[in-house]
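Residue numbers run from 1 in the order of the sequence given.
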Amino acid sequence: MAEGGIGSRHLLPAMLLPLAVLAAMRWIWGFDGLYGQDAHEYARFATALQDWMTQGISPGWHAWPVGFTLLGALGGWITGDVILALQLIAALSLAATVPAVSRIIDGLRSPSELSDDRPALRGLWLFLAIAASPALLQAGVLVMSDMTAIAFGCWAIVFQAGFTRRPSTSALIGFAATAVAAVGTRYGMAVLLLLPGLQVAAVALRHRAWAEFGGAVTILAAGVALHTAVKQAEAGDLFEHYSLTLWSVSNWFTRDVSTADGIQHYPLPTLIYVVTALARPSHLPLLLVLPFLRLRDLCGRQALLLSAAGGLYALFLAGIPFQNPRFQLPLHPLAASLLYPAWLRAAGWTHRRLRPLVLTVPVLLLAVQMAQAGRGLTPLIDRNRFERHLADLLRPLGPGLLYTFDVDPALGNRSIPQQMINLWSRRIEDFEPGALILFAPDAMATQWAGRNPMLNWQRAERTHVLEPVADAGRGWRLVRVGPPRPDTAGDGG
């Protein structure tokens, strides 16, 4: 069996790497993929979806599309563990991206234009540039939707290229299904797939493929219906997210932003940050082959389309009022596909000029990438362990009320007995005596100055005696709300 013009055995090492790393992360280091608020919210909502599907209980508010969590809920019934299912879906998505990128490479040019192409060279590029990429590998072991959206998006481009080259019902339906799945996993994929989608629609209309086009529209309608059924009254909230309502060309040139996520100071203007997204050590293979890129590599019709799609997506990201490297990840597989001819030239140059080192170079490159991946994953594992440490501190304290911020999604997934109130959600006028507060005032002081988390903490300090319970470490303080201070009795502000 061949996949994308290359034997499956040459793709297998790249496809197995994320699964091997996942196994090591989970069963050697005990890392379950839960890092930060987003991951814990995905885990919560996937579990809530199981209750919704079996008991009709509303899953509650969820800020993101439902594709990833819906797969996690279904996978949770197979694995018996929703969190394991979500983490496995991310790893499998990275594995599925490998053959998709190989197929995208085939769609960019004919075999005659890749005369130096060899299965071993293709497999090595996909291993180094995709599977072993520190940025993608990290996304492949986290309980996050990024890698799943990328996998669906890459396969959508595969079907788009196939339909453009040889229109068929299977290619059109395949594009519609994977594109809807990509957008249903991360909304931003709609921008990346806009131009490929318009081309598919134009080709379908030009060939008068009315029935096939109707089938594609039906798939789109089914995706919208599923989204609406799960999100219910909140189905239209995506149009009210501040990444859209605050989107502006002026954000391209700003470095200091103030949003619902607090005050952020960035070293680079957002446009420069996005344009140079791939010029970072975590994308080392792409950087190293860049000198071997030729203008003609980007001049084919499909190459121009993908370049334009990537450019449009980059401009969209630059207009969002914050900088997040996760959002740039979909650009990586596109760049790896477009840079494949440059890789072949680099491999040929190395074989001619550095023949004694022809095996040493990729080994060293892999070692550097694994070191970078380890360096990037270490703080994630460390944060994961710290969240468990906080939960261990709280469990013996028994039921009650806990005011906290930032770690509340993590603690909610760690089965603590306290009922939590998020210090970000509202201004708290009266703190309940005997309740607990878990907060890191020094770490929050700059980003959250003048906002609810810091205002609420400062008010608690001003109006109540705060009795120390434990030093949780890393600047986190666990205190109990004592009696009101006499000099602030009746203080309303």
Side-chain angles (χ1 to χ4, degrees), residues 30-45 47-48 60-63 83 142-143 260-264 379-485 488 491 493:
F31 180 64
D32 57 9
L34 294 175
Y35 168 76
Q37 297 188 42
D38 293 5
H40 285 283
E41 170 57 18
Y42 283 126
R44 181 206 69 80
F45 194 71
T47 303
W61 182 80
H62 185 65
I83 296 174
L142 289 177
V143 176
D261 286 331
I263 301 169
Q264 302 283 358
L380 276 61
I381 298 172
D382 188 53
R383 166 78 179 206
N384 183 274
R385 290 173 176 169
F386 182 66
E387 291 171 350
R388 297 184 189 193
H389 160 70
L390 293 178
D392 290 340
L393 280 180
L394 290 164
R395 286 194 196 98
L397 300 179
L401 194 61
L402 172 66
Y403 299 96
T404 189
F405 171 67
D406 184 48
V407 294
D408 47 308
L411 297 175
N413 283 323
R414 303 294 184 196
S415 302
I416 64 168
Q418 293 85 15
Q419 177 186 348
M420 287 182 288
I421 293 179
N422 190 320
L423 292 169
W424 175 84
S425 61
R426 60 184 174 85
R427 292 284 297 276
I428 298 171
E429 297 299 327
D430 296 302
F431 288 86
E432 182 177 307
L436 297 167
I437 302 179
L438 179 63
F439 194 66
D442 294 338
M444 307 290 182
T446 300
Q447 182 176 349
W448 297 101
R451 283 165 168 74
N452 284 351
M454 282 304 300
L455 293 175
N456 283 326
W457 168 258
Q458 290 161 355
R459 176 172 174 75
E461 281 193 308
R462 187 174 68 251
T463 60
H464 287 77
V465 175
L466 300 182
E467 304 165 351
V469 175
D471 181 355
R474 305 185 187 185
W476 284 83
R477 295 173 57 187
L478 179 61
V479 299
R480 190 178 297 279
V481 179
R485 295 184 185 275
T488 60
D491 184 355

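Proximity of a side-chain donor or acceptor of Asp408 to a complementary backbone N or O of Asn422 within less than 3.5 Å is not detected. Checking side-chain atoms of His464 against main-chain N and O of Glu432 turns up no donor-acceptor pair under 3.5 Å. Although no hydrogens or angles enter the test, the distance criterion places no donor-acceptor pair under 3.5 Å between the side chain of Asn384 and the main chain of Phe31.
Shown here are the ring-ring contact (aromatic ring centres under 6.0 Å, His included) partners of Phe439, two or more places apart in sequence or in another chain: Trp457. With sequence neighbours left out, Ala39 forms a side chain to side chain contact (heavy atoms under 4.5 Å, CB included) with Leu34, Val143, Met144. Looking at residues two or more places apart in sequence or on another chain, you find no salt bridge (charged side-chain N to carboxylate O under 4.0 Å, His left out) involving Asp442. With sequence neighbours excluded, no residue forms a salt bridge (charged side-chain N to carboxylate O under 4.0 Å, His left out) with Asp471. Taking Val469 as the reference, Leu397, Leu436, Leu478, Arg480 meet the side chain to side chain contact (heavy atoms under 4.5 Å, CB included) condition, with sequence neighbours excluded. With sequence neighbours excluded, no residue forms a side-chain hydrogen bond (donor to acceptor under 3.5 Å, both in side chains) with Gln418. Glu461 is linked by a salt bridge (charged side-chain N to carboxylate O under 4.0 Å, His left out) to Arg477, counting only residues two or more places apart in sequence or in another chain. Contacts of Arg414 classified as salt bridge (charged side-chain N to carboxylate O under 4.0 Å, His left out), with partners at least two apart in sequence or in another chain: Asp32. Phe431 pairs by the ring-ring contact (aromatic ring centres under 6.0 Å, His included) definition with Tyr403, not counting sequence neighbours. For the side chain to side chain contact (heavy atoms under 4.5 Å, CB included) test, residues two or more places apart in sequence or in another chain that qualify with Asp406 are Gln37, Arg383, Met444, Trp476.
Between Pro468 and Val479, the shortest heavy-atom contact is CA-CG1, 4.2 Å. The minimum heavy-atom distance between Ala43 and Ile83, with the atom names listed, is CB-CG1, 4.0 Å. Annotation for Arg427 and Asn452: closest pair CD-OD1, 3.1 Å, computed over non-hydrogen atoms. Of all the heavy atoms in Thr404 and Leu438, the pair that sits closest is OG1-O, 2.8 Å. When all heavy atoms of Pro441 and Met454 are compared, the closest pair comes out as O-SD, 3.8 Å. Listed here is the closest heavy atom pair of Arg451 and Gln447: CD-O, 4.4 Å.
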